[in-house]
Amino acid sequence: MQIISDPGQMQALAEKLRLNRQCIGVIMTMGALHEGHLSLVKLAQQTAGIVILTIFVNPSQFGPNEDLHKYPRPFEKDASLAKAAGVDYLFAPDADCIYPEHYQTTVECSSISSLFEGALRPGHFKGVATIVTKLFNITKPHIAIFGEKDIQQLAVIRRLVKDLNIDTKIIGAPIVREENGLAISSRNIYLSSQERDAATILYKCICHAEKRMAEHEKDLDSIANEIEQMITLTPGCRPDYVSFVDEETFEPVITTQGNKTYRLLLAMYSGKVRLIDNAKILA
Ligand code: AMP
């Protein structure tokens, strides 16, 4: 595995791979690699000949009161995990070569970015859309794999690829969970063992929604209320939002006409740690 930090070198190499008719698959991460990230690598290996993994803790997607400076950066460990997983190229640039002095161009996908995570984290999806566009230009992938763990981010990326005619196929990968149902996340390290146990309520809420669907409940809003109640009743937990949405537009859906898939979006605090989760629901 070759480690590259210079965007120009990465771009030249990607161009050479393309000229050699290699199919490039990219996985974009902020590092602190875990089983979730490695599942994307596996999927990339099944669909592309060359796998590029990027690690970049992108300052522009963090709000002023978020965890940019304390975000975990175990680079040596990440590099060995990536190598063991069979990554071909690890691209890990410094922030000042990605955002040099006088940088002033951004990418914004307006409507989806103003809802849910976007409403609570102003500027977050502008930061995401900008870095993803830049990394597309630097790594020139035929295929890019993103996790459904960050489902709104995936919807923003699908929209931006369509809107800006970016010639990259986007693949969504299923959420990897711990045995107790907790979705694996780099931020889970902030949870105490008590908070971690309490956080398993998220998966119980998803199971509750599936059970209510099996009972043919059509009123999605009342199921969302039941779920908020389940979270509120869990010691140390507080719901942030619970909503069923249209998978493409992320507009909230109150009742279902039946036999359609929606996304159930969940965000809550366990102690001071904010967690998100989601599930595809046939309702
Ligand atoms: P991050 O490093 O948190 O920005 O995540 C990088 C990529 O890994 C994103 O596409 C995430 O959606 C994906 N990812 C993170 N956690 C998981 C998980 N538990 N299962 C599947 N994909 C994940």
Side-chain angles (χ1 to χ4, degrees), residues 25-48 51-63 66-68 70-75 77-79 81-82 85 87 90-93 95 98 112 116-117 121 124-136 139 141 143-161 168-191 196 199-200 202-203 206 247 263 265-267 273-280:
V26 73
I27 296 123
M28 301 179 187
T29 79
M30 297 206 298
L33 300 182
H34 51 62
E35 285 305 315
H37 298 121
L38 299 178
S39 74
L40 308 192
V41 171
K42 208 174 266 174
L43 201 52
Q45 283 165 333
Q46 288 161 8
T47 40
V51 175
I52 302 176
L53 179 90
T54 73
I55 295 184
F56 182 63
V57 182
N58 175 35
S60 73
Q61 71 189 66
F62 285 76
E66 293 182 358
D67 56 346
L68 172 64
K70 69 170 188 162
Y71 198 85
R73 290 168 171 85
F75 185 74
K77 187 174 166 216
D78 283 349
L81 282 171
V87 167
L90 173 56
F91 177 57
I98 292 294
I112 305 171
F116 300 99
E117 287 304 292
R121 304 176 69 188
H124 171 69
F125 286 119
K126 181 157 90 170
V128 169
T130 302
I131 190 64
V132 167
T133 305
K134 284 169 74 69
L135 290 172
F136 280 147
T139 61
I143 292 161
I145 306 199
F146 295 90
E148 290 186 353
K149 165 76 173 57
D150 300 286
I151 194 71
Q152 193 174 357
Q153 168 176 289
L154 179 55
V156 165
I157 293 163
R158 285 194 195 283
R159 190 70 251 170
L160 101 88
V161 161
T168 298
K169 181 177 176 197
I170 305 300
I171 298 177
I175 300 175
V176 177
R177 298 178 181 279
E178 291 178 3
E179 240 170 68
N180 60 14
L182 180 65
I184 298 178
S185 160
S186 309
R187 286 189 169 106
N188 289 355
I189 56 160
Y190 301 148
L191 294 164
R196 182 180 274 265
T200 57
L202 280 171
Y203 189 62
I206 291 172
E247 289 226 84
R263 274 287 156 176
L265 305 181
L266 303 154
V273 185
R274 189 166 180 279
L275 299 164
I276 57 170
D277 205 336
N278 72 85
K280 189 194 270 265

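Heads up: numbering here begins at 1 and tracks the sequence. Remember, it's 1-based here, ligands and their atoms both numbered in the order they're listed.
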Which of these, Ile170, Ile171, Ile27, sits in a side chain to side chain contact (heavy atoms under 4.5 Å, CB included) with Phe146?
Ile170

Could you pull out all residues at least two apart from Gln45 that satisfy side-chain hydrogen bond (donor to acceptor under 3.5 Å, both in side chains)?
none

Between ligand 1 and the protein, give all atom pairs where both partners are nitrogen or oxygen and the distance is under 3.5 Å, as lines of names plus distance to 0.1 Å.
unit_1, atom_1, unit_2, atom_2, d
ligand 1, 2 (O), Met30, N, 2.9
ligand 1, 2 (O), His37, NE2, 2.9
ligand 1, 5 (O), His37, NE2, 3.4
ligand 1, 10 (O), Gly147, N, 2.8
ligand 1, 12 (O), Gly147, N, 3.3
ligand 1, 12 (O), Gly147, O, 3.1
ligand 1, 12 (O), Asp150, OD2, 2.7
ligand 1, 16 (N), Ile184, O, 3.4
ligand 1, 19 (N), Val176, O, 3.0
ligand 1, 19 (N), Ile184, O, 2.8
ligand 1, 20 (N), Val176, N, 2.9

List the atom pairs, with distances to 0.1 Å, where a side-chain N or O of residues 29-36 and a protein N or O form a donor-acceptor pair under 3.5 Å, not counting sequence neighbours.
unit_1, atom_1, unit_2, atom_2, d
Thr29, OG1, Gly31, N, 3.0
Thr29, OG1, Thr54, O, 2.9
His34, ND1, Gly36, N, 2.9

State whether Arg263 and Glu148 are salt-bridged, where the test is any N-O pair (Lys NZ or Arg NE/NH1/NH2 against Asp/Glu carboxylate O) under 4.0 Å.
yes

With sequence neighbours excluded, tell me which residues meet side-chain hydrogen bond (donor to acceptor under 3.5 Å, both in side chains) with Lys42.
none

Taking all non-hydrogen atoms of both residues into account, name the closest pair between Ile131 and Asn58 and its distance.
CG2-ND2, 3.3 Å

